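Each chain gets a letter, A, B and so on, in the order the sequences are listed, and its residues count up from 1. If you're wondering where the values come from, they're calculated on a predicted model, not measured in any experiment.
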2 protein chains.
Amino acid sequence: MERTNGQKQPPLGKIARLYYEHGLTHQEIADLCGLSRIKVTRLLAEARLVGIVEITVHSDDHLFVGLESALGHAYPLRQAWVGPAFEDEGRALHSLGAVAADCVTAFLTEGTTVAVGLSGSVAAIPGHLRKATGLDLSIVPLTGSKGGVSRAASPHELALSFAAAVDGRAYHLPAPLLARNAQAARVWREDPAVQETLERAVSADVLIAGIGGTAADAGLLVQGLSAVELAGIRERGAVGDISGRFFDADGAAVPGEVDERLIGLSLEQLRAVPVRIGVARGADKRRALAVALRHGLINVLVTDVSTAEALLADADAPEGAPS
Amino acid sequence: MERTNGQKQPPLGKIARLYYEHGLTHQEIADLCGLSRIKVTRLLAEARLVGIVEITVHSDDHLFVGLESALGHAYPLRQAWVGPAFEDEGRALHSLGAVAADCVTAFLTEGTTVAVGLSGSVAAIPGHLRKATGLDLSIVPLTGSKGGVSRAASPHELALSFAAAVDGRAYHLPAPLLARNAQAARVWREDPAVQETLERAVSADVLIAGIGGTAADAGLLVQGLSAVELAGIRERGAVGDISGRFFDADGAAVPGEVDERLIGLSLEQLRAVPVRIGVARGADKRRALAVALRHGLINVLVTDVSTAEALLADADAPEGAPS
DNA sequence: CAGATGCGTGAACATCTGATCAAAATTCGA
DNA sequence: TCGAATTTTGATCAGATGTTCACGCATCTG
């Protein structure tokens, strides 16, 4: 009718530029391009999502310097990164991912190998990473993959996302997270491809993993276990897990059936990685985090303000169970 | 001196990051940092201004492809860059600067020398340029500097801004734009420092200048002339100027007292630069632009939609003076 | 020292933006 | 071919943002 050129989808770049560089309002762009305002709003959102629009903050400022250094004194840490706290779980995850992304980025240098664990928090990272071209980075999964519940459930998928985001190379660990039984697990571990990737993970420079609690929904791993299995693990003293390996209040491995079925690095092997970044937040994780920090399972902490404050409180009352 | 709420000025980087990376609202940041919402709004604006926050659009899309290619056919141009049109002069200038910045950037390669002319439009560019590190760029003024009315009035200041923005090296032309008289101008031109910079300008790879009209307020140069001088120039057939050199309807130089007093490249010397970017918009400039384009004084055009359309109309009615 | 001038601040307002929801269009399957 | 499910679209509205204005505090000036 009136529009002679209104047929094709207008290029995102044009819209984005009109908005961000030329300062037109959504409405003005809509009029100019023959679209509805809402459509422009959505196209702009897409442009940001896809990465056509990139917003960078050039600054080394840390967000909560005080808390970060306090944590560094209270626990044996190389670094702590603290982000804002949120009521909403979705926002919290998003934000934590942003902090974690800044954190890993700080550890990337030429040829760095990063091992990634299975964790919802870790899955939130790739979206915030920015290309670090020319660094020749390698990304390795820490464990096998869990049946396809959600995308985040597979460290392999995660490794791919990371690799795509930072322009690195991803390796595959062709095995399930949990084998049917101890016997099957042993078979998997003998697979040469599995062995190769696990070795690569052991010798990684940086490790990034979530910390799981032992509450029923505190972590992706826990969610894959039956109530019975979980109860057994708790009975044996487990307070949390890192990359699928449960540990007790002394930071020691918790043996058992689940542990034998799991395909991935052992706690001792994890310790071999010099930089061990733990990402977690929330009341569920408080106990597990405190232990992981105190016993050096984790080296670098990424968390939010409220968890950080809780951890500082725990540090003052070391052994007494905080309730 | 510290305020009662005990907060020192919080770092811009923190605020910017909370907003752009973590998605807090201004209000939330204000509460978190103990500031008023408005203050946060202002700090964020400052962060963008200073360049702590950088918004990049990764796209090669041109804004008005149709107009740009039409101009390319109607006039002997290498390229045309067209931006949106605005009622408001301030916005128009800002926007034109953004387009011009994209345009010059497209011509920057290793070791490029850019010569910058005296122009309000050109002055709007540096704010939109982004660092192109490692290119070893040189920025040279095309003319001497005008007495300190506004910052934009000095090509030297401009060259410095450009150089700072793209991380290049700026050269100085230590001379006034207009000498007291022809005699004084000759003396200035004999100065070795002046000669050296002028030579550098003549052999520049890219030239970027505004186009001035002959209306009383159409251009920075014109504003510095007396009504009598201006009348004289118009009588001799001048329709506009580029970098201080007036030209007539045939694109030929307009000699005279002003021309002799001016310190800067001649029209012929300007033509020696392979890429000649002209930046201008508005009804005032229409006439001058059409001539400059038709006779190849300018090689690459940066303008806005409405000026572009006017120029296309002029191209159809070549010689008849459009009034 | 009073008055003038400029800068920084926050309140109120106007505008812009993004989320929600319902209608329309499209695709897919029977 | 029709209908159902899914996606796309636009209207409405709540909330976020930015601008304007008036005030207070500081410094400058006579």
If you draw a 6.0 Å radius around CG in Asp60(B), do more than 12 non-hydrogen atoms from other residues or ligands fall strictly inside? no
Distance (rounded to the nearest 0.5 Å) between Glu28(B) CD and Cys33(B) SG: 11.5 Å
Quick one: which of dT9(C), dA11(D), dG18(D) gets closest to the side chain of Arg42(B)? dT9(C)
Roughly how many Å is it from [atom1] in [X] to [atom2] in [N], rounded to a whole number?
X        : N       : atom1 : atom2 : answer
Leu43(A) : dG10(D) : CG    : P     : 11 Å
Ile38(A) : dT20(C) : CD1   : P     : 13 Å
Glu46(B) : dT9(C)  : CD    : C1'   : 15 Å
Leu44(B) : dA16(D) : CG    : C1'   : 12 Å
Arg37(B) : dA12(C) : CZ    : C1'   : 10 Å
Leu35(B) : dT17(D) : CG    : P     : 15 Å
Ile29(A) : dG18(C) : CD1   : C1'   : 15 Å

Dot-bracket notation for DNA chain D is requested: 5' to 3', Watson-Crick or G-U wobble pairs only, both distances under 3.5 Å, with ( ), [ ], | and . as defined. ||||||||||||||||||||||||||||||
What heavy-atom pair brings Arg37(A) and His26(A) nearest, and what distance separates the two atoms? CG-CB, 3.7 Å
Indicate the atoms forming the closest heavy-atom contact of His128(B) with Gly97(B), along with that distance. CD2-C, 3.6 Å
Using a cut-off of strictly less than 4.0 Å between a heavy atom of the residue and any atom of DNA chain C, enumerate the qualifying residues of residues 16-26 of chain A by number. Tyr19(A), Thr25(A), His26(A)
Fit a plane to each ring of His62(A) and Trp81(A), take the angle between them on a 0 to 90° scale, and name the class: parallel (under 30°), tilted (30 to 60°) or perpendicular (over 60°). tilted
The side-chain contact (heavy atoms from CB on, under 4.5 Å) partner of Val279(B) among Leu301(B), Val302(B), Thr303(B), Val300(B) is Val302(B)
If only atom types and distance count, is the side chain of Arg281(B) paired as donor or acceptor with the main-chain N or O of Ala85(B) below 3.5 Å? no
Compute whether any side-chain donor of one residue and acceptor of the other, for His58(A) and Glu54(B), lie under 3.5 angstrom apart. yes
Can you tell me if the side-chain N/O atoms of Ser36(B) get under 4.0 Å from OP1 or OP2 in dT9(C)? no
Is there a side-chain contact between Leu67(A) and Glu309(A) in this structure, where contact means two heavy atoms from C-beta onward sitting under 4.5 Å apart? yes
